[in-house]
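One structure below.
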Amino acid sequence: MARIITVYGTLLLGAFGRTLLLALLGLFFACFIGLFFGILGVVGNKACNIISQIFVDIIRGVPMIVLAFFVYFGVPYLFNNIIGGFNVNLTALKAGTICLALNCGAYMAEIVRAGIQSVDIGQMEAARSLGLTYGMAMRKVVLPQAIKTMIPTFINQFIITLKDTSILSVIGFPELVNTAKNVQANTFMSFQTWAIVAVMYLIVITLLSRSAKVLERRLAVDR
Amino acid sequence: MIDKSEIKVSVKNLQKHFNDLEVLKDITTDIYKGEVVCVIGPSGSGKSTFLRCLNRLEEVTSGTVVVDGNDITSRQININKVRENIGMVFQHFNLFNNLNVLDNLTLAPVQLKKCSKEEATQRAMKMLKKVGLEDRGESYPSQLSGGQKQRVAIARALCMEPDVMLFDEPTSALDPEMVGEVLQVMKDLAADGMTMVIVTHEMGFAREVADRVIFMDGGYIVEEGSPQEVLLNPREPRTIDFLNKVL
């Protein structure tokens, strides 16, 4: 154990840094995707609602590992070989970020939709009755209240996204699991390697889930 | 106070269906400038729906609603512009929970660029004074009693300086001891000459303040007239039956 930590410690820490980076990047774009499709799911327009539902259903219906292969290998192949004339080349980081953003975004969309729908309809009606547009009412009245109820669920989604980065080891992005595989191959010390990896995830995820709990309690007091 | 030469709200053959449910079957009435109209009737009679059609919170199925010469059922009309002149007060107050009292009052005037933030705040303070809550500007809705919330809601509507005020059972969700303070604010408003349409179960208030009482049942206006006519000497059997139950 000590040998792995002294020799491979910085390598693993660096890899974990890339894991966090990937998760944060994915989450960042997922927020926009989630907000966009979440709002699309609640506006008073059937076509928008259906588009939002189709997006969510497709992404949720495909395992992330399939999504990863599809984005990393499938999409460039489509453009370069089937359609032809393109030279699409995604790095593992880009492909990984797209995967996480799509996957997490679909779940975010559902969180946003549920959050908005949890705000009493009377809030929107009162805002509209004053002459505010739908967009103003959403921005100034409904969303601020919805986001408050969504924060704990957001953190849980971040935890899931963080764990999902491990799936992206299959497309060769040197995040923690991918790096640990190499460490194991070099040292043959599987137990020690995976124990260290598990503890690294565990520490960060425990911190996150604790803070979600605290926030949940504090927000409950506010109401 | 009533100016019979100016019709504020004109409703013609208004129908409202929710899928198969016909809530409003055929409503025709005119509301004059400065008139205080109380709408009474059993629950499910369509009175709240009628009120919500007057600012298009409900899309009408057929018929016309003309407010200040604008047919609000028309697709071409900018409904937001029309709504700026129609204040609405709800049964459940619907104060913006994420904003304090002052921000509740200034949000719409500032967002809609009716005036600067300073002017809006000044007007908000004036309105809060009017409803007796000038010391609660910094409070959040959750810190107010029901009666206070409803008075803030009235002040919020007044900050847009509307020509017409709609009240949807404004005292129905209040504890009995708080009904009086809200009704008093509404009486003051009526005395100032505001055009008001009030859906209410407060028969005493209707008798005292209304210029006209409309009794609705089953999606129709069954009877309308002065409070003396409708509340004290009703002619329609359904009105008599309803008043016997509630008085």
Side-chain angles (χ1 to χ4, degrees), chain A residues 31 34-35 38-39 42-50 108 111-155 214-223, chain B residues 48 51-59 67 72 78-99 103-114 120 140-143 149-150 152-162 164-168 173:
Chain A
C31 283
L35 208 55
I39 290 175
V42 293
V43 296
N45 181 315
K46 271 271 169 295
C48 292
N49 301 161
I50 291 170
M108 290 279 219
I111 295 170
V112 170
R113 190 181 57 75
I116 290 173
Q117 284 174 344
S118 77
V119 177
D120 179 27
I121 180 90
Q123 297 283 310
M124 176 58 90
E125 285 185 348
R128 296 306 306 276
S129 80
L130 290 165
L132 295 175
T133 64
Y134 182 87
M136 286 175 187
M138 212 27 132
R139 257 196 340 273
K140 295 288 174 180
V141 176
V142 177
L143 274 182
Q145 294 180 58
I147 285 170
K148 227 169 105 175
T149 66
M150 292 187 288
I151 287 172
T153 335
F154 267 144
I155 298 180
V214 170
L215 272 172
E216 210 166 335
R217 219 171 308 139
R218 206 169 286 169
L219 293 175
V221 171
D222 275 3
R223 259 180 278 166
Chain B
S48 284
L51 195 72
R52 291 162 59 86
C53 284
L54 300 186
N55 66 351
R56 216 168 92 185
L57 276 189
E58 301 292 351
E59 297 283 344
V67 181
I72 65 165
N78 179 354
I79 189 65
N80 296 320
K81 266 271 165 280
V82 179
R83 281 177 181 155
E84 288 181 15
N85 290 318
I86 312 174
M88 187 161 196
V89 175
F90 299 82
Q91 181 177 358
H92 296 287
F93 330 126
N94 298 350
L95 294 183
F96 306 136
N97 296 319
N98 56 318
L99 303 174
D103 290 338
N104 261 277
L105 268 58
T106 56
L107 176 70
V110 172
Q111 284 294 312
L112 297 168
K113 307 203 163 53
K114 297 268 282 190
Y140 277 81
S142 59
Q143 299 164 323
K149 281 185 199 172
Q150 197 60 300
V152 171
I154 293 171
R156 176 176 68 182
L158 290 177
C159 277
M160 290 299 291
E161 301 185 319
V164 183
M165 285 282 284
L166 310 176
F167 294 82
D168 190 1

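Both backbone and side-chain heavy atoms feed into the values below; hydrogens, waters and symmetry mates do not. Here is the naming used below: chain letters follow the sequence lines, and residue numbers restart at 1 for every chain.
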Heavy-atom proximity to chain A below 4.5 Å, by part of B:F90: side chain
Short N-O contact, B:E84 and B:K81, less than 4.0 angstrom: yes
Part of B:R156 within contact of chain A (heavy atom distance under 4.5 Å): both
Most contacts with chain B, counted as non-hydrogen pairs under 4.5 angstrom, among A:P144, A:G122, A:G131: A:G131
Check ion pair B:E161-B:K114 (N to O, under 4.0 angstrom): no
Exam field: side chain A:Q123 to backbone A:D120, donor-acceptor pair closer than 3.5 Å: no
Pairs of heavy atoms under 4.5 Å with chain A: top-ranked of B:V89, B:D103, B:L95: B:L95
Expected output: side-chain B:N85 to main-chain B:V164 donor-acceptor under 3.5 Å: no
Closest heavy-atom pair and its distance - B:F96, B:L107: CE1-CD2, 3.7 Å
Segment of B:N98 engaging chain A (4.5 angstrom heavy-atom cut-off): both
Residue selection (most heavy-atom pairs with chain A, distance under 4.5 Å) from B:N97, B:V82, B:N78: B:N97
Region of B:L166 that comes under 4.5 Å of a non-hydrogen atom in chain A: neither
Considering all heavy atoms, the nearest A:N45-A:A47 contact: OD1-N, 2.9 Å
Proximal component of B:L57, with respect to chain A [non-hydrogen, under 4.5 Å]: side chain
Non-hydrogen atoms of B:R56 and B:R83 that approach each other most closely: O-NH2, 2.9 Å
A:A127 portion near chain B, given a 4.5 angstrom heavy-atom threshold: both
